[in-house]
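Structure record follows, encoded as structure tokens.
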2 protein chains.
Amino acid sequence: MGKTMHENAVAAPFAAEKLRLAGLRPTRQRLELASHLFGGPDRHVTAESLHDEVVEAGIKVSLATVYNTLHQFTQAGLLRQVIVDAARGYFDTNTGDHQHFFLEDEGMLIDIPGETITVAGVPTAPPGMTVDRVDVVVRIRRS
Amino acid sequence: MGKTMHENAVAAPFAAEKLRLAGLRPTRQRLELASHLFGGPDRHVTAESLHDEVVEAGIKVSLATVYNTLHQFTQAGLLRQVIVDAARGYFDTNTGDHQHFFLEDEGMLIDIPGETITVAGVPTAPPGMTVDRVDVVVRIRRS
DNA sequence: AAGTAGTTTAGAATAATTCTAAGTCGAGAA
DNA sequence: TTCTCGACTTAGAATTATTCTAAACTACTT
Ligand SMILES: [Mn+2]
Ligand SMILES: [Mn+2]
Ligand SMILES: [Zn+2]
Ligand SMILES: [Zn+2]
């Protein structure tokens with residue numbers, strides 16, 4: 001009935017591999033956060049939503065560590081940040097080229113595959129600057 | 001040498017008109033904020049940057065009033081909000097259709113005229129939802 | 001001039017995020 | 001194995017942007 005070593009062994013191996021490749025020690029907290037983040041389909045989380053979820057699952061991790069880990073994963077290229085709301089920061093497990101619907105009422109993100117939207121006519125960046133990326137956010141609401 | 005009634009009368013008339021049309025009382029604070037915002041070319045401000053500027057100009061307004069006024073102007077359609085930074089909210093005097101460069105290093109916005117960028121292939125919103133607007137942010141940095 | 005609702009504001013309160021400093025842990029060395 | 005040390009975690013304080021409260025003030029009507 002308690003958690004067995006076997007139960008945890010399901011997600012850990014590939015998560016440990018990810019962390020190793022990123023040069024991050026596979027600590028208990030990082031492994032647990034990584035399997036929640038990367039163990040299923042792509043997802044969008046806030047620090048607090050992920051912390052709640054992980055605490056709910058009986059895992060002991062502080063909110064500070066969740067923030068630290070999300071930033072480390074982002075630096076390592078395992079996550080990207082999505083800026084759609086002035087009040088909250090979102091992190092996205094899908095680091096590939098894609099865009100978002102943002103449901104302003106629920107504060108929820110939905111992926112739009114990268115090939116779907118075409119952005120044409122982006123001017124060249126001012127002298128001495130380079131384009132880091134082009135974000136498209138389709139803001140939607142109950143109609 | 002002090003401010004004369006005549007000096008203030010230059011900007012006030014059109015600002016008062018704007019406020020009247022928006023159903024907002026032309027108070028001293030609103031008139032002063034409005035002439036700073038709308039008295040020249042289009043601009044992007046944060047509550048704090050506008051407050052600093054206005055205080056610097058010798059005007060007595062509280063930060064709370066700047067926040068209130070920016071929100072009231074936004075509701076009235078005189079401003080729009082631009083979300084590019086998770087830490088700060090920006091307000092834009094240009095409410096027409098256009099997009100932005102965002103200089104991530106300086107936290108500065110530059111307008112891209114509305115006809116410049118074309119966004120094609122935006123999928124229809126999920127059932128029961130409507131597209132509020134499509135924002136394009138071209139994030140740039142020193143190269 | 002008086003009344004009243006709208007407005008301003010100081011200061012407290014919120015909320016997301018970051019920082020500090022002290023304890024804990026992982027991994028290589030011995 | 002045990003030792004060692006830098007990496008990691010964390011409680012709680014601090015920071016920052018923004019909002020709220022509730023009391024004082026003011027623009028407009030009568
Ligand atoms: Mn924030
Ligand atoms: Mn904020
Ligand atoms: Zn996404
Ligand atoms: Zn603009």
For the CD atom on B:Gln81, are there more than 12 heavy atoms of other groups (residues, nucleotides or ligands in this structure) within a distance under 6.0 Å?
yes

Between N or O atoms, less than 3.5 Å apart, protein on one side and nucleotides 11-16 of chain D on the other: list the pairs.
none

Tell me every residue that passes side chain to side chain contact (heavy atoms under 4.5 Å, CB included) with [X], counting only those two or more places apart in sequence or in another chain.
| X | value |
| --- | --- |
| B:Glu115 | B:Pro113 |
| A:Asp132 | B:Glu104, B:Arg139, B:Arg141 |
| A:Phe38 | A:Phe14, A:Lys18, A:Ala34, A:Phe73, A:Leu78, A:Leu79, A:Thr93 |
| A:Val131 | A:Ala125, A:Val134, B:Val138, B:Ile140 |

Using the test side-chain hydrogen bond (donor to acceptor under 3.5 Å, both in side chains), find all partners of [X] that sit at least two apart in sequence or belong to another chain.
| X | value |
| --- | --- |
| A:Thr116 | none |
| B:Gln29 | none |
| A:Arg133 | A:Asp135 |
| B:Glu53 | B:His36, B:Arg43 |

What is the distance, rounded to the nearest whole Å, between atom [atom1] of [X] and atom [atom2] of [N]?
| X | N | atom1 | atom2 | value |
| --- | --- | --- | --- | --- |
| A:Glu48 | C:dA16 | CD | P | 5 Å |
| A:Asn68 | C:dA16 | CG | P | 18 Å |
| B:Leu70 | C:dT8 | CG | P | 12 Å |
| B:Gln72 | C:dA5 | CD | P | 18 Å |
| B:His51 | C:dT8 | NE2 | P | 13 Å |
| B:Tyr90 | D:dA17 | OH | C1' | 12 Å |

Quick one: is B:Arg30 getting a side-chain N or O under 4.0 Å of the C:dG6 phosphate, OP1 or OP2?
no

OP1 or OP2 of D:dT18 versus the side-chain N and O atoms of B:Tyr67: is any pair under 4.0 Å?
yes

For B:His51 and B:Tyr67, I'd like to know if the aromatic rings sit close, meaning centre-to-centre distance below 6.0 Å.
no

Neighbours of DNA chain C within residues 19-29 of chain A, by heavy-atom distance under 4.0 Å:
A:Arg25, A:Pro26

Short of 4.0 Å, heavy atom to strand atom, which residues of residues 73-81 of chain B count as contacting DNA chain D?
none

What nucleic acid atoms does B:His71 come within less than 4.0 Å of, heavy atoms only: base, sugar-phosphate, or nothing?
sugar-phosphate

Do any pairs count as a ring-ring contact (aromatic ring centres under 6.0 Å, His included) and have a residue in residues 97-143 of chain A, sequence neighbours left out, and if so which ones?
A:His44-A:His100, A:His98-A:His100

